[in-house]
Amino acid sequence: QSRPCSPSSGQRSNKMVCGIKAVLVLASAGSASALVAGGAHTGTHKGFLANDDGMRPDVVAATLAKVEDEWVAQASAFVECSTSNEAGMHCSIPGKAFAKSCGTIVSAVVQASEGDRAHVVEYMGDVCKEKALEGWHSTRCQSLAMLLTKSLGADNYANRESFDSSSICTGLWQTVAAEEKAALAQKQAEGEKAEAERVKAEEAEKKRRQAEEDARVAEAGKRAEEAAEAEKEAVAAAKLAEESVAQEAAAKQVRQVAIRALAKAAAAAPSAAANATAANATAANATAANA
């Protein structure tokens, strides 16, 4: 018994199953059945090949485009499931849904055309050219038409009674799944590249900010060193000025002492001269007396 698809389950594997069930709901919305509804209301076996407004190639193309979108969703669910850690039996659910949808369409085409290969080629050619199937939708339509026409034989009765759609749908499923796998791989590669570029940009920004911070710190350190050097020079200059003032004061004091000494010497000079004259006179007198 499967677990309920509720947020309370809280397990990734259950979420995977719930996602696949959502794809099945999408696949069962009636798009494939709409392609074969023509036969039900016309009372013929022409199906969507019947000549009525509901089965016009443009109408069928619009519905087929929705079916192809469902196929892509199923293939995407299968690829994501099979490449996840929760890969298991439930990964086959999208493929089974695709096989049922594809088989419904292919069988309807064969029965509605009454097994006539030429009718299928002509009608599918018209459908695949419609604007609703532009781009990859048209390519997918042409792939389906090619696989279908290649599988039809020349015997209309054999085509109607014993045609097996499984080989066509298996081949188409492999193509769709391979394309989705490649798309997923590309998306992952782009995501990894974007993440690497984001990390690289963050690292570059981190380095830039670090460089700015280092430069700011270096500049602040340089200014601090310059301020310290300037302060040191200022202290040295102040000390030198102080020493110069002291030296000037000492020199002034020496000059003052010298001036006083000179003044004293000058004052003492007359007395010394008088004494010398008296001594000379005494000496002269003594000499005269002896004579």
Side-chain angles (χ1 to χ4, degrees), residues 6-16 18-19 72 76-77 79-87 135-136 179-291:
S6 62
S8 60
S9 61
Q11 296 187 12
R12 293 182 59 192
S13 59
N14 195 38
K15 290 180 180 179
M16 179 68 71
C18 294
V72 169
S76 179
V79 172
E80 291 182 2
C81 177
S82 60
T83 56
S84 69
N85 294 330
E86 290 79 18
W136 69 267
E179 290 175 356
E180 286 307 303
K181 184 177 182 179
L184 179 61
Q186 182 178 356
K187 183 178 180 180
Q188 290 176 340
E190 291 174 352
E192 291 173 357
K193 181 180 179 181
E195 178 63 15
E197 290 177 351
R198 184 190 66 79
V199 172
K200 183 178 180 181
E202 286 185 353
E203 288 296 327
E205 178 64 14
K206 184 178 180 180
K207 289 181 179 180
R208 184 188 68 79
R209 291 181 179 179
Q210 186 62 46
E212 289 181 352
E213 179 64 15
D214 293 343
R216 187 189 67 78
V217 172
E219 181 65 20
K222 181 179 179 181
R223 289 180 181 178
E225 290 178 358
E226 290 176 350
E229 185 65 23
E231 183 179 0
K232 183 178 179 181
E233 291 177 355
V235 171
K239 184 177 180 180
L240 183 62
E242 184 179 347
E243 292 176 351
S244 178
V245 170
Q247 290 175 358
E248 184 177 352
K252 183 178 180 180
Q253 186 177 5
V254 170
R255 286 196 299 271
Q256 290 175 350
V257 171
I259 290 172
R260 288 196 296 270
L262 289 174
K264 186 177 180 180
S271 296
N275 291 334
T277 301
N280 289 335
T282 299
N285 291 334
T287 301
N290 290 330

Note to self: Test of understanding: with salt bridge (Lys or Arg N to Asp or Glu O under 4.0 Å), list the residues that count as partners of Glu195, not counting sequence neighbours.
What the structure shows: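 Glu195: salt bridge (Lys or Arg N to Asp or Glu O under 4.0 Å) contacts with Arg198.
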
Notebook entry, point to check: What closest approach, in Å, do Glu80 and Leu184 show between heavy atoms, and which atom pair accounts for it?
Noted result: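 For Glu80 and Leu184, the tightest heavy-atom pair comes out as CG-CD2, 4.2 Å.
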
Notebook entry, point to check: Taking everything shown except Glu248 itself, do over 12 heavy atoms lie less than 6.0 Å from its CD?
Noted result: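 No - once you tally the heavy atoms of other residues, nucleotides and ligands closer than 6.0 Å, there are 12 at most.
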
Check: From Glu212 CD over to Asp214 CG, what is the distance, rounded to the nearest 0.5 angstrom?
Finding: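 With rounding to 0.5 Å, CD (Glu212) is 10.0 Å from CG (Asp214).
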
Checklist line | Glu205 side, atom CD; Arg209 side, atom CZ - distance, nearest 0.5 Å | finding: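 Going from the CD atom of Glu205 to the CZ atom of Arg209 covers 4.5 Å.
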
Check: Regarding Gln186 and Glu190, is there a side-chain donor-to-acceptor distance under 3.5 Å anywhere?
Finding: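 Yes, Glu190 and Gln186 have a side-chain donor paired with an acceptor closer than 3.5 Å.
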
Item checked: Close side-chain approach of Leu240 and Glu243, heavy atoms under 4.5 Å ->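 Yes, their side chains come closer than 4.5 Å.
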
Using atom types as modelled, flag every donor-acceptor pair under 3.5 Å from a side chain in residues 216-233 to any protein atom, sequence neighbours excluded.
unit_1: Arg216; atom_1: NE; unit_2: Glu213; atom_2: OE1; d: 3.2
unit_1: Arg216; atom_1: NH2; unit_2: Glu213; atom_2: OE2; d: 2.6
unit_1: Glu219; atom_1: OE2; unit_2: Arg223; atom_2: NE; d: 3.1

